[in-house]
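Some notes on the structure that comes next.
Values in this document were obtained by computation on a predicted structure and should not be read as measured data. The analysis underlying the following values was restricted to heavy atoms, covering all of them including side chains, and did not include hydrogens, waters or symmetry mates.
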2 protein chains.
Amino acid sequence: MARLKISFTPSIRRLPSYLHIIRNAQRNSQFYISGTVIAQELNLEPIQVRKDLAITGIIGKPKKGYPVDALIAAVERYLGWDEMHDAIVVGAGNLGSALMGYPEFRIHGLHIVAAFDTDPDKIGKKIHGVTVLNLADLESTIRGSKVDYAILTVPSPQAQETADTLVRSGIRAIWNFTNAKLKVPDDVVVHREDLSSGYALLSVMLQTRKSQTP
Amino acid sequence: MARLKISFTPSIRRLPSYLHIIRNAQRNSQFYISGTVIAQELNLEPIQVRKDLAITGIIGKPKKGYPVDALIAAVERYLGWDEMHDAIVVGAGNLGSALMGYPEFRIHGLHIVAAFDTDPDKIGKKIHGVTVLNLADLESTIRGSKVDYAILTVPSPQAQETADTLVRSGIRAIWNFTNAKLKVPDDVVVHREDLSSGYALLSVMLQTRKSQTP
DNA sequence: TAGATTGTTAATCGATTAACAATC
DNA sequence: TAGATTGTTAATCGATTAACAATC
């Protein structure tokens, strides 16, 4: 079970932040934006921004910076955000519901077409415009469709079982918000989003900062 | 505006996952757990797990592994999760509401004592057991209290303004779920949680995997 | 005992940062 | 033109991995 190793992981993770700033520049009718400016907005080093943007293939102009429209296109292209991808939310609980209503996903090409849950009170209802279907019907509904992404927000103990169903249904990518480490075939990609890890970092930062202020 | 640099950032981010596995071992009445076993569960290298656990100060026993109870205590201690910390949620929208109902936070010492919003329909109501108060009253309510954390889930355009209020109110740590890069004094720590960065990674993984399957 | 696992010290790897020539 | 900014090549830094003696 060899896991896929992605090069430039930290750079890829920074690209969405850059994109946000570049889009703001576009909204302000700027034609060029320099790596220096992007770096300033994010408290990063300009050289890091330039290196990161280089992986998208964009070519900047000395003295002016990067052409805004072309840069947005290059970043979106690199991230695969230039095309719409259908997604389903599996588990229409608190977090799943919040993600259905998260407007930014649409901007990034993620189109949530349905949600699935086992709760009879939720099945048939709409949450943030997304219809909740019976989880038991997942395979028959999704199989053969062009849904690429599953956003997995079921309770952790059900995560593996649900992931198995997703794989059988032809899902290619699972965004795993549960605590479970999922076992999936090699041609299915999984990214686990761990909210606790960010909290751990903040917690250690707070302790460090506290002890520095005597 | 020097930003705090935390050493061992990747290690700290992995600790919550370890903790989850070690807790399971405890539930199964195991007295010892080896780094090898933890590594297997998470598809990591055993040496990485040992190095990570070493920063918590725990001492293992050759052949047996780490004593489960002591290991949990050491990790929690290191993360500052051995004591309860009061937190507020600022912005009781979809995401904010979901986080109020996220049961894992309590296990990790995070106690959400109140939420704040500007929406008159929400003020006075309870969401997942948490009372929503008027955002206008934030400073007077929080000032002088022992609330350490603010979970910031307001719309991005209001983020900086709200953060300023939080700082004036004596908040020490901000968990920033908005797109805004916050400007805060040096004695306030901020961690920005960027859901888009995880999605970017998954998206690039999907493309890479696709192109490998011809 | 034999062998699994630890912790330490060293080697490797990859990401960040620095230096600087090219250029608009 | 002068100077800001790019892209490239090299140096540094930190994290991961390897090797291995110690040990229960």
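Rounded to whole angstrom, the span from the CD atom of B/Q40 across to the C1' atom of C/dT5 amounts to 13 Å. In this structure, CD1 of A/I58 is placed 13 Å from P of D/dT8, rounded to the nearest angstrom. For the pair A/K64 NZ and D/dT5 P, the computed distance is 13 Å after rounding to whole Å. If you measure from atom CD of A/Q30 to atom P of D/dT5, you get 13 Å, rounded to the nearest angstrom. Straight-line distance from the CD1 atom of B/I59 to the C1' atom of D/dA22: 13 Å, rounded to whole Å. Note: CD1 (A/I6) to C1' (C/dG14) measures 15 Å, nearest angstrom. B/I55 has its CD1 atom 14 Å from the P atom of C/dT8, to the nearest Å. When the C1' atom of D/dT16 is taken as reference, atom CD1 of B/I12 falls 16 Å away, rounded to whole Å.
C/dA18 and D/dT9 make up a base pair, with Watson-Crick or G-U wobble contacts both under 3.5 Å.
Distances were taken from every side-chain heavy atom of B/I47 (C-beta onward) to each of C/dT6, D/dA19, D/dT6; the shortest belongs to D/dA19. Among the nucleotides C/dT23, C/dT5, C/dT16, the one closest to the side chain of A/P62 is C/dT23. Candidate nucleotides D/dT6, D/dA4, C/dT5 were compared by shortest atom distance to the side chain of A/K63, and D/dA4 ranks first. Checked against D/dA4, D/dA10, D/dA19, the side chain of A/K51 finds its nearest nucleotide in D/dA10.
Formation of a donor-acceptor pair under 3.5 Å by the A/E41 side chain with backbone atoms of A/T36 is not found in this model. Between the side chain of B/Y199 and the backbone N or O of A/H108, at least one donor-acceptor pair lies under 3.5 Å.
Not a single donor-acceptor pair, N or O on each side, falls under 3.5 Å between the base of C/dT5 and the side chain of B/K61. You won't find any donor-acceptor pair under 3.5 Å spanning the side chain of B/K5 and the base of C/dT17, going by distance alone.
Between B/R50 and D/dA19 there is no side-chain N or O to OP1 or OP2 distance below 4.0 Å. Put simply, B/Y66 has no side-chain N or O that comes within less than 4.0 Å of OP1 or OP2 on D/dC24.
Both B/I33 and A/S7 lie near DNA chain C, and the one whose nearest nucleotide falls closer to the 5' end is B/I33. Both B/A54 and A/F8 sit near DNA chain C, but only B/A54 has its closest nucleotide nearer the 5' end.
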Side chain to side chain contact (heavy atoms under 4.5 Å, CB included) between B/V189 and B/V184, worked out: CA-CA 8 Å; B/V189 294; B/V184 297; over 6 Å; no
Trace of the side-chain hydrogen bond (donor to acceptor under 3.5 Å, both in side chains) decision for B/Y18 with B/D52: CA-CA 10 Å; B/Y18 298 172; B/D52 288 345; 2.6 Å; yes
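Note that CG of B/L79 and CZ of B/R77 are 11.5 Å apart. Values are rounded to the nearest 0.5 Å.
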